[in-house]
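The shown structure was predicted, so the numbers you read here are calculated from the model rather than taken from an experiment.
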Amino acid sequence: MATTSGTERARNTLAYLRRQITTGEWAVGSRIPIEPALSEMLGVGRSTIREAVRSLASIGMLETLPGRGTFVRSSAPTSAVLSEFLTAYTLEELLSYRRALEMEAAQQAALHRTDDDVAALEAAIATPLQIAHCPAHGDDDATRELASRFHYLLFDAAKNRLLASLYAGITEKLNVPENRERLVHAGDAATMQLEHERIVDAVRRSDFIDAVHAMADHMDNDLVIITPDEEIIPPLRRSALAQERIDAARAEASERVSG
């Protein structure tokens, strides 16, 4: 890369990294090349690479997980206006918004996914989750990467940049310390793994109805609010009869996937 100044090198490096993401060369959910490789490839110092990565992380396009690497989190930047806008809403409202985004992403992924998207999703669920009832995103970086990578790949498969950007924004808000400490995964590892498999199965078959239902079930067992007394607040409050119907439908869908 030909450059004449530090400022220009930094600008060109940032432009290169961002172009790799927005063009899909580095897919959402994938790990980007390590710092030494990028430094050699672009002919710039590691400090220039680090600064570019920090800049893209600050707008929600990249995320660095200690000991794991740097991953693509969104193909579009998270708007600062959106981030500020979401600050006005409660954690309960943020989770409801996330639920709606996830269900729409599942539907659009089933309608618009490519063979490469399916392959990426299948690869993401090939390594079983190894978590029990745990804090949101967990303290285990490997677990956090596996769970979050699946969701980012699903939004990528939806082929809707606005959905992906909104999801990046909501995820950023859920990750702030005051929210993160109030969230847990309601489901255990086996439950979440099966739910991921159900979603991928529906997306693979291009069955948008099953995809929405599978994601709705998953949202019930994914992030939920926990009170100081360790009481879990479900994302939706339902009558006993309604819950029985949901449990029966969930069992039938699980049998179909496992069978």
Note to self: Does atom CD (E92) have a neighbourhood of more than 12 heavy atoms from anything else shown, all under 6.0 Å?
What the structure shows: yes
- prompt: Counting only heavy atoms not in E178, do more than 12 sit closer than 6.0 Å to its CD atom?
  reply: yes
Rounded to the nearest 0.5 angstrom, the CZ-CD distance for F208 and Q107 is 6.0 Å
Note: K173 and N179 closest approach over all heavy atoms is O-ND2, 2.9 Å
ask   = When you check the gap from the basic side-chain N to the acidic O, do E51 and R54 get nearer than 4.0 Å?
value = yes
Exercise. Hey, does L56 have a side-chain heavy atom less than 4.5 Å from the side chain of T70?
Worked result: no
Exercise. Any donor and acceptor pair, going by atom type alone, linking the side chain of R9 with main-chain N or O of V44 inside 3.5 Å?
Worked result: no
Between A120 and L153, the two heavy atoms sitting closest are O-CD1, 3.6 Å
**Asked** Are M41 and I34 linked, directly or through other ILVMFWY residues, by side chains that come within less than 4.5 angstrom of each other?
**Response** no
Item checked: Heavy-atom check, side chain of E197 versus side chain of L194, under 4.5 Å -> yes
query = With side chains defined as the heavy atoms from C-beta onward, is the minimum distance between L183 and I225 less than 4.5 Å?
reply = yes
Does the distance from a Lys or Arg side-chain N to an Asp or Glu carboxylate O, for D210 and R204, drop under 4.0 Å?
no
Rounding to 0.5 Å, atoms CG (L62) and CG (L17) come to a distance of 7.0 Å
Quiz prompt | Backbone N/O of A214 and side chain of E195: donor-acceptor pair under 3.5 Å | solution = no
Check your understanding: Can L111 be reached from I209 by stepping across I, L, V, M, F, W or Y side chains whose heavy atoms are under 4.5 Å apart?
Key -> yes
Query raised in the report: Step by step, would you call E35 with V53 a side-chain contact (heavy atoms from CB on, under 4.5 Å)?
Result: CA-CA 9 Å; E35 187 178 287; V53 168; over 6 Å; no
Output for pair (L162 CG, F155 CZ), nearest 0.5 Å, gives 10.5 Å
Residues S30 and W26: closest non-hydrogen pair is OG-C, 3.7 Å
Open item on the list: Is the shortest side-chain heavy-atom distance between M219 and D222 below 4.5 Å?
Closed with: yes
Can you tell me if CZ on R245 sees more than 12 non-hydrogen neighbours from other groups inside 6.0 Å? no
Any idea how H218 and F150 line up, ring-wise: parallel (<30°), tilted (30 to 60°), or perpendicular (>60°)?
perpendicular
Does any part of the side chain of L174, heavy atoms only, come nearer than 4.5 Å to the side chain of T171, both counted from C-beta?
no
When every non-hydrogen atom of A216 is compared with those of M103, the smallest separation belongs to CB-CE, 3.9 Å
Stepwise side-chain contact (heavy atoms from CB on, under 4.5 Å) test for D217 and N221:
CA-CA 7 Å; D217 285 346; N221 289 316; 5.7 Å; no
The residue among E102, R98, R73 that forms side-chain hydrogen bond (donor to acceptor under 3.5 Å, both in side chains) with H151 is E102
- Task: For the residue pair I170 and L166, establish whether any side-chain heavy-atom pair is separated by less than 4.5 Å.
- Result: no
For Y97, does the OH atom have more than 12 heavy-atom neighbours from other residues, nucleotides or ligands under 6.0 Å away? yes
side-chain contact (heavy atoms from CB on, under 4.5 Å) for T114 and K159? Distances and angles first, verdict last.
CA-CA 10 Å; T114 65; K159 302 294 182 279; 4.2 Å; yes
Tightest non-hydrogen contact, residues V224 and A186, listed as CG2-CB, 3.7 Å
Between A211 and A110, the two heavy atoms sitting closest are CB-CB, 4.0 Å
Do L42 and Y16 have side-chain heavy atoms sitting under 4.5 Å apart?
yes
Exercise. With a 4.5 Å heavy-atom cut-off, do H185 and L223 have their side chains touching?
Worked result: yes
